[in-house]
Amino acid sequence: MIPIKPQLMTTLLPNVRRSRMMILILLAITSSLRAQSPQNPLPITGPTTITQPGYYRLTKNITFTAASGNIITVKASNVTIDFNKFHIRGPATNTSQSVIGVYGNEVGNLTIRNGAVLYCDVGIELTGIEDPPNTHNTNNTIDNMRISHCLSDGIFFPHTSPASVISNCQFSQIGGSTKTDVIAGLAIYSLDFSLLIKDNIIHSVKGAASSTDQSYGIYGGIAVRNTISYCHFGVAGSSKYQNNLTYAVSVPFSGGGTDAGGNY
């Protein structure tokens with residue numbers, strides 16, 4: 001065995017330590033990446049605030065009993081929330097509550113899917129800054145969600161959200177708030193005329209207690225292949241609308257926009 005000189009040992013030890021440190025860093029990065037996949041999601045077990053990108057999945061139904069606040073708050077972009085067929089639920093008996101099911105402000109590449117939001121004031125709200133035009137509230141997707149018994153809005157986009165879509169969702173029993181600052185009930189509201197709203201089913205929207213005829217199935221966006229029943233306004237304020245069906249709607253299509261055909 002060839003002896004190692006002391007000065008060579010002194011040189012080798014730091015290199016060994018650095019190599020071990022690099023291995024640990026790589027393992028940590030690999031673990032983090034695995035946690036951001038459908039195969040190894042980050043669990044949501046109760047009311048939470050998301051501050052890091054990743055793939056998140058509910059592991060059970062979540063009940064929120066406070067009269068105000070957000071059940072899930074998203075503060076990071078590049079997030080997927082898979083409800084995994086579970087639901088989040090606000091306080092069922094409080095008709096003046098101010099609970100938002102999922103809330104995001106200036107986040108992009110957010111996907112919310114495969115579950116339900118019940119008994120909130122607003123089911124899902126994704127907002128941003130209006131002036132100057134936002135650069136972060138973009139590319140958001142809400143798909144295959146069930147929104148029920150929300151007192152003000154089912155899904156609420158109060159500012160522009162380029163390249164975003166609401167699809168394959170079902171809405172029922174929306175509206176009926178008793179709060180004095182709420183004048184309408186809306187299943188879907190978008191201030192962005194380019195937001196795509198497609199293949200949704202909307203049933204039974206009521207106005208607020210102070211203005212019962214102010215009930216809307218869809219307001220704003222581009223509305224395509226939606227089915228809307230039992231409200232005062234069906235599709236209103238949209239930039240374009242095509243192949244939408246209405247039943248028991250007092251004013252099926254209104255508020256300007258371009259009728260691209262196939263609407264009944």
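In this chain, numbering begins with 1 at the start of the sequence shown.
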With salt bridge (charged side-chain N to carboxylate O under 4.0 Å, His left out) as the test, would you mind laying out the steps for R113 and D143 before giving the verdict? CA-CA 5 Å; R113 65 188 184 193; D143 182 69; over 6 Å; no

Is there a side-chain contact between I142 and F157, using heavy atoms and a 4.5 Å cut-off? yes

Do side-chain atoms of R89 reach the backbone of V117 as a donor and acceptor pair under 3.5 angstrom? no

Which heavy-atom pair separates A184 from S211 by the least distance, and what is that distance? N-OG, 4.4 Å

Main-chain N/O of S152 paired to S177 side chain as donor or acceptor, under 3.5 Å: no

Is C120 close to I71 at the side-chain level, that is, under 4.5 Å between some pair of heavy atoms? yes

Check N140 against S164 and note the closest heavy-atom contact, atom names and distance. N-OG, 2.9 Å

Would you give the length of the straight line joining atom CD of Q170 to atom CG of D199, rounded to the nearest 0.5 angstrom? 11.5 Å

What is the distance from atom OH of Y56 to atom CG of L42, rounded to the nearest 0.5 Å? 5.0 Å

Using a 4.5 Å cut-off on heavy atoms from C-beta on, say whether the side chain of N84 contacts that of I44. no

Test item: S254 and F233 side chains (from C-beta on) under 4.5 Å apart, heavy atoms: yes

Looking only at heavy atoms, what is the nearest atom pair of A223 and S238, with distance? CB-OG, 4.2 Å

What's the verdict on side chain to side chain contact (heavy atoms under 4.5 Å, CB included) for I183 and Q214, showing C-alpha distance, side-chain angles and the deciding distance? CA-CA 7 Å; I183 62 172; Q214 294 298 300; 5.5 Å; no

Which atoms form the tightest heavy-atom contact between H159 and D192, and what is the distance? O-CB, 4.3 Å

Quick check for you: to the nearest 0.5 Å, what is the distance between Q97 atom CD and C150 atom SG? 8.0 Å

Can you tell me if T73 uses its side chain to pair, donor with acceptor, with the backbone of T49 under 3.5 Å? no

Mind running ring-ring contact (aromatic ring centres under 6.0 Å, His included) on Y216 and Y189 for me, showing each step along the way? CA-CA 8 Å; Y216 295 80; Y189 176 88; 8.6 Å; no

Quick one: does E125's side chain get under 4.5 Å of P158's, heavy atoms only? yes

Y230 and Y247: aromatic ring centres closer than 6.0 Å? yes

Nearest 0.5 angstrom please: T45 OG1 to N61 CG, how far? 12.5 Å

To the closest 0.5 Å, what do you measure between CD1 (I218) and CG (N226)? 3.5 Å

Check each of T80, T111, D82 against Y55 using the side chain to side chain donor-acceptor pair (under 3.5 Å) test, and report the only one that passes. D82

I188 side chain reached by N200 side chain, heavy atoms, under 4.5 Å: yes

Are V182 and I147 connected into the same hydrophobic cluster when the rule is that any two of I, L, V, M, F, W, Y join if their side-chain heavy atoms are below 4.5 Å apart? no

In terms of hydrophobic clusters joined by side-chain contacts under 4.5 Å, are F64 and I112 together? yes

Can a donor-acceptor pair be found, under 3.5 Å and without considering hydrogens, that links the side chain of N114 to the backbone of M145? no

Just to verify, which of S148, S204, S229 counts as forming a side chain to side chain donor-acceptor pair (under 3.5 Å) with S172? S148

Could you state whether F83 and F171 fall into the same hydrophobic cluster, counting links through intermediate Ile, Leu, Val, Met, Phe, Trp or Tyr residues with side-chain heavy atoms under 4.5 angstrom apart? yes

L58 versus I88: any side-chain heavy-atom pair under 4.5 Å? yes

Taking side chain to side chain contact (heavy atoms under 4.5 Å, CB included) as the criterion, tell me which of D259, T246, I228 meets it with F253. T246

Indicate if I201 and I155 have the same hydrophobic cluster label, given that clusters are the connected sets of ILVMFWY residues with side-chain heavy-atom separations under 4.5 angstrom. no

Mind running side chain to side chain contact (heavy atoms under 4.5 Å, CB included) on V74 and V102 for me, showing each step along the way? CA-CA 7 Å; V74 183; V102 181; 4.2 Å; yes

If you group Ile, Leu, Val, Met, Phe, Trp and Tyr by side-chain heavy-atom gaps below 4.5 Å, do L118 and V122 land in one group? no

Between atom OH of Y103 and atom CZ of F156, what is the distance when rounded to the nearest 0.5 Å? 10.0 Å

Chi angles and distances behind the side chain to side chain contact (heavy atoms under 4.5 Å, CB included) call for D153, I174: CA-CA 7 Å; D153 301 88; I174 306 297; 5.9 Å; no

Which hydrophobic side chains are connected to V224, either touching it within the sub-4.5 Å cutoff or through other members that do? V165, L196, I222

Can a donor-acceptor pair be found, under 3.5 Å and without considering hydrogens, that links the side chain of S215 to the backbone of H232? yes

How far apart are the closest heavy atoms of P162 and T160, and which atoms are they? CD-C, 3.8 Å

Within the 4.5 Å heavy-atom criterion, are L126 and L110 side-chain neighbours or not? yes

Below 4.0 angstrom, N of the basic side chain to O of the carboxylate: do K179 and D121 qualify? yes

Heavy-atom closest pair (P91 atom, A66 atom, distance to 0.1 Å) is CG-O, 3.4 Å

